[in-house]
Every structure is written in C-alpha cells, then in structure tokens.
**Q** 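If you scroll down you'll find the structure; I have some questions about it.
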Amino acid sequence: MRAEEEAYDPLLRDLNEAQRAAVLATEGPVMIIAGAGSGKTRVITYRIAWLLKKGVPPWQIIALTFTNKAAREMQERIARLTAPEQAKALWMGTFHSLFARILRAECDAIGYPRNFTIYDTEDTKSLLRTILKEVHLDDSKYRPNLVAHHISMAKNSLITADEYANDPDIQAENFTRGLPMLGKIYQLYQRRLEKSAAMDFDDLLLKTYFLFQERPEILYKYQSQFRYVMVDEYQDTNTVQYSIIRQIAAMHENICVVGDDAQSIYSFRGAVIENIFNFQKDYENPQIFKLEQNYRSTANIVEAANKLIARNKFQIEKSVWTHNEEGEKIRVIQALSDADEGRIVAQSIFETRMQTRAANADFAVLYRTNNQSRAIEEALRRLNIPYRIFGGLSFYQRKEVKDLLAYFRLAVNPRDEEALTRVINLPARGIGTTTLERLSLLASENDVPMWEIVSRARQFTSELGSAPVARLEEFAVKIQHFSVLAEKLSALEAARRIAMESGLMRLYYSDRSPEGLMRYQNLEELINAVKDFVESRQRESPDNLPSLSAFLAEVALLTDADEKDKDQADRVSLMTVHSAKGLEFPYVYVVGMEENLFPSQMSLTDNRELEEERRLFYVAITRAMRRLTLTFARTRFRWGNLVHCEPSRFLFELDPQRVEFPGQRSFEALQPRSAIAGLRRKSTLSPQAVQNLPTYQFTPDKPQDFSAGMHILHNRFGKGLIHSIEGSGIDAIALIDFEEHGQKRILLKFAKMKILSSADS
DNA sequence: ATGTAGAGGGTTTTT
DNA sequence: CCCTCTACAT
C-alpha cells in the first residue's frame with residue numbers, strides 16, 4: 001500500500017498524527033511513550049488491526065499484556081476492527097497465560113507432564129509452611145509471606161534455586177538479614193514443586209526463559225513464528241519478562257513496546273523501570289513515538305499532574321497537553337477522621353448525582369490500601385449508594401471453591417500435593433494429622449510424590465496401620481475414578497460428578513447457616529463457571545469437547561479483576577490506585593492523602609520508592625476526567641487505635657493555581673504553621689529546574705556531602721551503603737558495600753552518586 | 001475430631 | 001481492628 005493510500009484508509013482516520021505514525025511504523029524496533037489518557041489502547045489495537053489488514057497472519061503476532069482484562073478488551077476491539085476469527089487467532093494474552101501455553105506444548109523439553117498444575121500464592125504459602133515445619137524453622141522469623149517474596153524476587157531476576165543457594169553474595173546478604181536458610185528453603189521449595197508437577201506464577205516465566213536458553217531449536221521455532229512482537233505496559237516488565245521478549249524478538253526485531261515511565265508502579269514485585277529507559281540501547285535504531293495529547297481530562301487535571309510528576313528525577317522527557325477545557329479546580333478537603341472522610345465522600349457523591357444527573361458508575365473512590373475501603377463502604381451504605389469493590393478475595397480464592405478445585409486438580413494431576421493435602425480429609429474420612437505426617441515422611445524417604453504412597457498405601461501398612469490404609473485406599477480409588485471421569489467426560493460432566501461424588505456438595509449443603517448456604521451457592525457457581533467455559537469453547541470449535549484439565553489451565557490464571565461483570569448494575573467503584581490503572585471515571589475521589597499512608601511509610605526512606613509513590617499518585621490523578629477530589633483525615637484508626645495524621649506531602653506539591661479548598665479559606669488555614677514550613681522545606685526543587693533536566697538524567701550529589709553510614713545510589717553500581725571514608729577533601733575515597741556488586745573503593749571526586757538516606761535517619 | 005478461646009501478627013500494591 | 005493459627009478441651 002502506498003503512503004497516500006494509507007492516509008485514506010478508514011482505519012487510520014480516527015487517529016491523530018502521532019498515533020497514526022505509531023500505527024504505521026510496523027517494521028523494526030518501536031517504542032511508544034503513551035502519556036496518561038493519550039489513546040494508548042487505541043494505538044495498540046489499531047496497530048494490530050493494521051498489520052492484519054496488510055495481510056500478516058494473526059498467529060505471527062504476539063501481544064503481551066499484564067492483565068487478562070486488558071487482553072480481552074483489546075481482542076474485542078480488534079475483532080470489531082477486523083474479523084473475529086482473526087482476533088481469536090492472535091497470540092494475545094498475559095505473559096503468564098501465553099507462556100503457560102508454550103510450556104504445555106513443550107512440556108517434554110522441560111520434564112513436566114502436560115497437565116502440570118499452576119500454584120497460586122495461597123498454594124505457595126501453604127507449601128512453604130509445610131517445608132518450614134519439616135525443617136523446623138520458626139515461621140514467625142521465616143514468615144511465609146516474606147520467604148515467598150524473596151523467592152519470587154529471585155525468580156524474577158532469573159536466579160534459580162541452586163544459583164541462589166550457592167551464590168556467596170546472596171548467602172552473605174541473607175545471613176545479615178537474619179535469614180541464612182533462605183537459599184535452602186528455595187531449593188526445597190523448588191524440588192517440592194517439581195515433585196508435585198506444579199509451577200508457581202514465576203516459574204511460568206522462568207521456565208520459559210530457560211527453555212529458550214537451553215533449547216535453541218525450540219526458541220528458533222517461536223522466533224520464526226512471531227514476526228511481530230508487541231508489549232503493553234513495558235515500564236512494568238521485570239527481568240524475566242524483559243529477557244524473554246529479547247529472546248523472542250531477536251530474529252525479526254519487529255518489536256513494539258508501549259508504556260509510560262510515569263506510570264511505573266510495580267517495582268515491589270520486580271518490575272524494572274530501567275527496561276523502558278534502556279530500550280534505545282537494547283535495540284538498534286529504534287523509532288520513538290510520543291503520544292502526548294490527553295483526551296481524557298480537563299486542563300486543570302492534566303497540568304496539575306504534569307507539575308507533580310516533574311518532581312521525579314528519573315523520567316523520559318515528554319509534555320502531555322490537552323485541548324480540553326480548563327474545567328474545575330482540584331478540590332482538597334480535610335476530614336476530621338476516617339469515618340468523617342467517608343461521610344464527606346458519600347455526601348459529595350450524593351449531591352453531585354443530584355446536581356448533574358451523573359450515574360453511580362461515573363464515580364470512583366481510590367485508596368492506597370485495601371483496608372481503607374471499610375470506612376467508605378459504611379458511609380455509602382448509610383446513604384444507600386450502591387457500590388462495588390474491586391480487589392479483595394477473588395471468587396477462586398474462597399475456601400470452598402478451592403476445595404472443589406482441589407478435587408479437580410487431583411483428578412487431572414494426582415501428584416499435586418497441595419491439592420492432595422487439602423482434601424484428603426475433606427469431607428472428614430478419618431485421615432488425621434498423624435497419618436498425614438507419616439505420609440509426608442514416607443514420601444520424602446522414598447523420594448516420590450505423596451500420591452505414590454497414598455495410591456500404594458497397602459505396601460506401607462506397617463508404617464501407617466491397617467485402619468488408615470483402608471481409608472487411604474478408598475480415597476485413592478475415588479481419585480482414580482475421578483481421573484477417568486476427567487479424561488472421558490466433558491469438563492462440565494466431570495465437574496458435576498466430582499462435585500457430587502467427592503461429598504463436598506453434601507458437606508456444604510448440610511451446613512444450614514447463612515455462611516454454609518453461601519458456600520453451597522459458590523460451589524454451584526463454580527459449576528456454572530465450568531458450564532460457561534465449555535459453552536464459550538464450543539462456540540469457537542464445536543467439534544471437540546473441552547476437558548476439565550483445559551478448564552483448570554485457564555482458571556489458574558484468572559484473578560478477581562477478570563471475573564465477568566455479569567452484574568452490570570450502576571454502582572460506584574471502590575478500588576486501590578493500583579487496580580485503577582488503565583481506567584477512567586468522570587468523578588474521582590482519592591482518599592487518605594496523608595503522610596505514612598500515601599506516600600506509604602515504607603517508601604519514605606528510599607528516594608526511588610518515594611518517586612514510585614509519586615507516580616502512583618500521578619496514576620490516581622489522571623484517572624479523573626471532569627472532577628478530582630482529594631481528601632485527607634486528621635485522625636484515623638490504625639491497628640485499632642486512633643492515630644493523628646498529617647496531610648500528604650503530595651498535596652503540597654500540587655500547583656496551588658489549580659487547587660481549591662471548598663469550605664476552607666486556604667491550605668494554610670488547615671494546620672499549624674510549623675507543619676506547613678516542614679512540608680514546604682521537603683519540596684525545594686523548583687519545577688522549572690526539574691523540567692530543564694535532560695532525559696533520564698542522574699544528578700549526583702557533591703563529594704563533600706557523603707559520610708559513612710549513608711545509603712547511596714551509584715549511577716553504575718546501584719544501591720549501596722558507605723562503610724567508611726578514607727582521606728578528605730578532593731582525594732577522599734569511600735569504601736562502599738553495594739547490594740549487587742559487593743564492596744568497592746570509590747574516589748569521591750569522580751563518583752556519580754546520590755544520597756538516598758543519611759546515617760541518622 | 002471438632003470447636004472455641006486466646007494470642008499474635010499484619011496493612012502496600014498482584015499476575 | 002480483624003484475621004489466622006494454635007492449643008486445649010470436649
């Protein structure tokens with residue numbers, strides 16, 4: 001197609017100039033920096049539609065997203081732009097789901113069965129608890145949550161269990177952390193997963209990486225297939241994701257990454273914001289497009305957000321602007337307590353609805369932490385305002401649902417030890433803790449999955465006793481029967497029969513309490529989910545019946561955000577700022593704008609983390625289309641006691657021209673002078689100075705500013721702690737312990753380092 | 001084997 | 001505060 005024809009293609013008419021350029025640049029490395037509200041999703045979907053229109057077969061395009069929801073929405077939009085069959089044949093989905101698909105196809109190469117189980121975080125923690133108990137480690141010191149986090153971070157950084165356990169630096173670090181056994185636990189955990197034919201979320205990525213690394217012919221196959229690679233939210237990729245993308249894209253280099261460094265908010269789970277900064281170095285001659293026109297928000301909101309984010313030192317230069325009207329000023333409201341804050345928000349929603357005829361669904365209340373929802377909920381209920389909470393316990397995490405799923409899992413993969421221990425005595429069949437302990441011991445002595453012992457219990461009669469053996473045999477026969485059902489029947493039939501014959505339906509039915517009833521209904525709901533799954537699969541290919549194992553494969557990667565909103569009722573949305581990313585609402589309330597909450601107190605000591613909090617606030621602000629309201633409370637219940645709160649420093653970082661204080665004369669009137677002075681002092685950088693800084697720059701502090709005990713950030717070696725300083729003046733040399741690079745001697749006059757926190761803080 | 005009381009611990013964010 | 005785990009009693 002010629003350039004002039006392209007300009008007339010109806011597909012391109014809906015795009016502005018920058019968007020169109022980004023869509024048309026299909027070949028070679030491309031980075032699209034998409035400011036908030038600049039039509040990012042539109043560009044991705046149109047770009048893919050354009051490729052399809054040019055005749056690229058859909059299966060040659062892989063498009064990676066972070067949530068199933070994003071993938072689904074884009075796929076739907078592409079289906080509308082092109083044809084549904086085409087959209088369906090795209091490799092479009094989350095990193096986890098697409099790589100799980102590849103791993104199942106290539107399972108032989110990694111020594112896993114096709115039906116491997118995916119452990120969710122619950123399973124992971126439960127397995128860790130078991131291991132900790134077995135090696136007699138104190139789980140209040142080795143908190144499963146903490147251990148899981150360290151293992152996850154290691155996996156996200158491509159460090160295997162053996163590497164982790166054998167690396168002297170890591171060992172030393174864990175020793176000083178007071179967790180010397182971490183490496184050992186990681187190894188045990190990994191062996192246990194493999195014995196269970198299970199993978200955790202991170203394994204789906206890590207094992208894909210090593211598969212490609214160790215089997216070039218398999219990598220070659222996928223490299224050849226995926227001629228076009230697209231990655232959404234590139235600023236949130238971690239090291240494994242980044243590395244796999246490089247592997248896949250290496251052949252054709254038709255890679256397009258889309259993101260916004262200003263919205264990078266997931267470093268806590270291993271995201272490396274540098275990935276987006278480094279794109280220009282990683283790929284040759286990349287084309288860079290910046291989508292800077294905001295279509296979403298009023299000028300007041302856009303400008304306030306710009307000015308706020310300009311305070312961050314690490315960023316890619318861009319200027320988001322809008323043609324939209326000036327709009328209302330941002331409202332900052334003080335509340336006396338968290339309950340009062342809820343009341344104010346609810347009242348305001350009520351009034352706004354009356355004045356503007358806005359729908360409930362036009363409102364969102366955003367908060368930093370999930371537990372803040374409570375006060376808001378109560379207030380909304382009092383005014384009879386319907387609401388919906390996003391996040392929290394997902395359907396698939398509820399106990400009874402996990403119980404039945406465990407039976408499904410066992411039917412498909414009896415080696416799944418978490419599933420086995422979960423239901424081996426549910427409903428109660430006289431297999432108590434003693435028997436379970438013996439089973440576990442036998443399994444590790446014989447180095448086989450626990451299921452081996454259960455299914456051959458008779459051979460261990462002397463260890464287990466004859467009564468338990470009889471019960472175990474009965475249980476084993478039942479599971480084997482379920483396996484046959486799962487193999488022979490459709491997912492729905494198998495699910496129904498397993499639900500009945502496992503005894504779970506009866507168990508929960510017999511509980512006549514309201515909670516019991518709820519649980520029973522949830523089981524039915526799960527069966528319905530299987531039904532939906534079967535029906536939607538059959539719509540795609542009517543000839544073959546989807547199996548239970550196919551259902552499990554899909555369900556393992558669903559989260560609460562993906563639950564179908566069958567309930568389209570008109571409700572106010574309540575959610576964390578994190579889960580609001582990518583969404584927009586006409587009226588947004590950001591509550592809890594207080595020090596130690598937003599920014600979170602965990603972030604205060606580390607400048608990088610504080611910048612991430614600021615980006616998070618940027619995300620919050622830019623969700624709003626028409627009106628943005630920020631509230632903070634002077635007191636709040638925390639851990640059950642009332643604490644005094646200070647307004648967030650972020651409030652003081654907003655452009656005063658764009659803010660108003662309904663019912664207050666000014667910000668100053670809200671508090672004692674000293675508090676203001678203190679907050680003001682913390683934000684000394686003038687916005688102009690910040691804006692004039694070059695792209696992704698690094699401003700080092702001066703040599704004389706450093707002293708022993710400081711935490712610093714070095715431009716090459718990363719984070720470190722100054723051990724001591726020898727000499728003085730221009731020849732001073734610092735001995736620094738770097739987190740990643742060990743101890744180094746650095747001449748201060750040449751060092752490019754920043755102070756993260758000083759010794760006394 | 002099941003239930004209850006009491007202690008202890010956790011609050012950042014999630015595929 | 002609220003949830004979960006444990007210990008102990010039944």
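The chains referred to below are lettered A, B, ... by the order of the sequence lines, with proteins before strands, and numbering in each begins at 1.
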**Q** Think R614(A) forms a cation-pi with F650(A), using NZ or CZ under 6.0 Å from the six-ring centre and within 45 degrees of its axis?
**A** no

**Q** I need the NE2-P distance between H149(A) and dT13(B), as an integer number of Å.
**A** 13 Å

**Q** Applying side-chain hydrogen bond (donor to acceptor under 3.5 Å, both in side chains), can you list everything that pairs with T435(A), at least two apart in sequence or on another chain?
**A** none

**Q** Provide, to the nearest angstrom, the distance between the CG atom belonging to D123(A) and the P atom belonging to dT15(B).
**A** 16 Å

**Q** Generate the contact string for nucleotides 1-10 of chain C. Rules: B means base contact, S means sugar-phosphate contact only, - means no protein heavy atom under 4.0 Å.
**A** BS--S-----

**Q** Could you please name the option among dT15(B), dG10(B), dT13(B) that lies closest to any side-chain atom of R143(A)?
**A** dG10(B)

**Q** Under the rule for side-chain hydrogen bond (donor to acceptor under 3.5 Å, both in side chains), what residues qualify as partners of S267(A), not counting sequence neighbours?
**A** E612(A)

**Q** List for me each residue that meets salt bridge (charged side-chain N to carboxylate O under 4.0 Å, His left out) alongside E76(A), sequence neighbours excluded, and say none if there are none.
**A** none

**Q** Please determine if a side-chain N or O atom of S579(A) lies less than 4.0 Å away from the OP1 or OP2 oxygen of dT14(B).
**A** yes

**Q** With sequence neighbours excluded, tell me which residues meet ring-ring contact (aromatic ring centres under 6.0 Å, His included) with Y508(A).
**A** none

**Q** For K155(A) and dT15(B), what is the distance between atoms NZ and P respectively, to the nearest whole Å?
**A** 18 Å

**Q** In this structure, how many angstroms lie between the P atom of dT13(B) and the CD atom of E613(A), rounded?
**A** 11 Å

**Q** Ignoring backbone atoms, establish whether T576(A) has a side-chain N or O less than 4.0 Å from OP1 or OP2 of dT14(B).
**A** yes

**Q** Quick one: side-chain hydrogen bond (donor to acceptor under 3.5 Å, both in side chains) partners of Y142(A), sequence neighbours excluded?
**A** none

**Q** Round to a whole Å and report the spacing from CG of L436(A) to P of dA1(B).
**A** 12 Å

**Q** Starting from C1' on dG9(B), measure out to CG on N145(A) and report it in whole angstrom.
**A** 11 Å

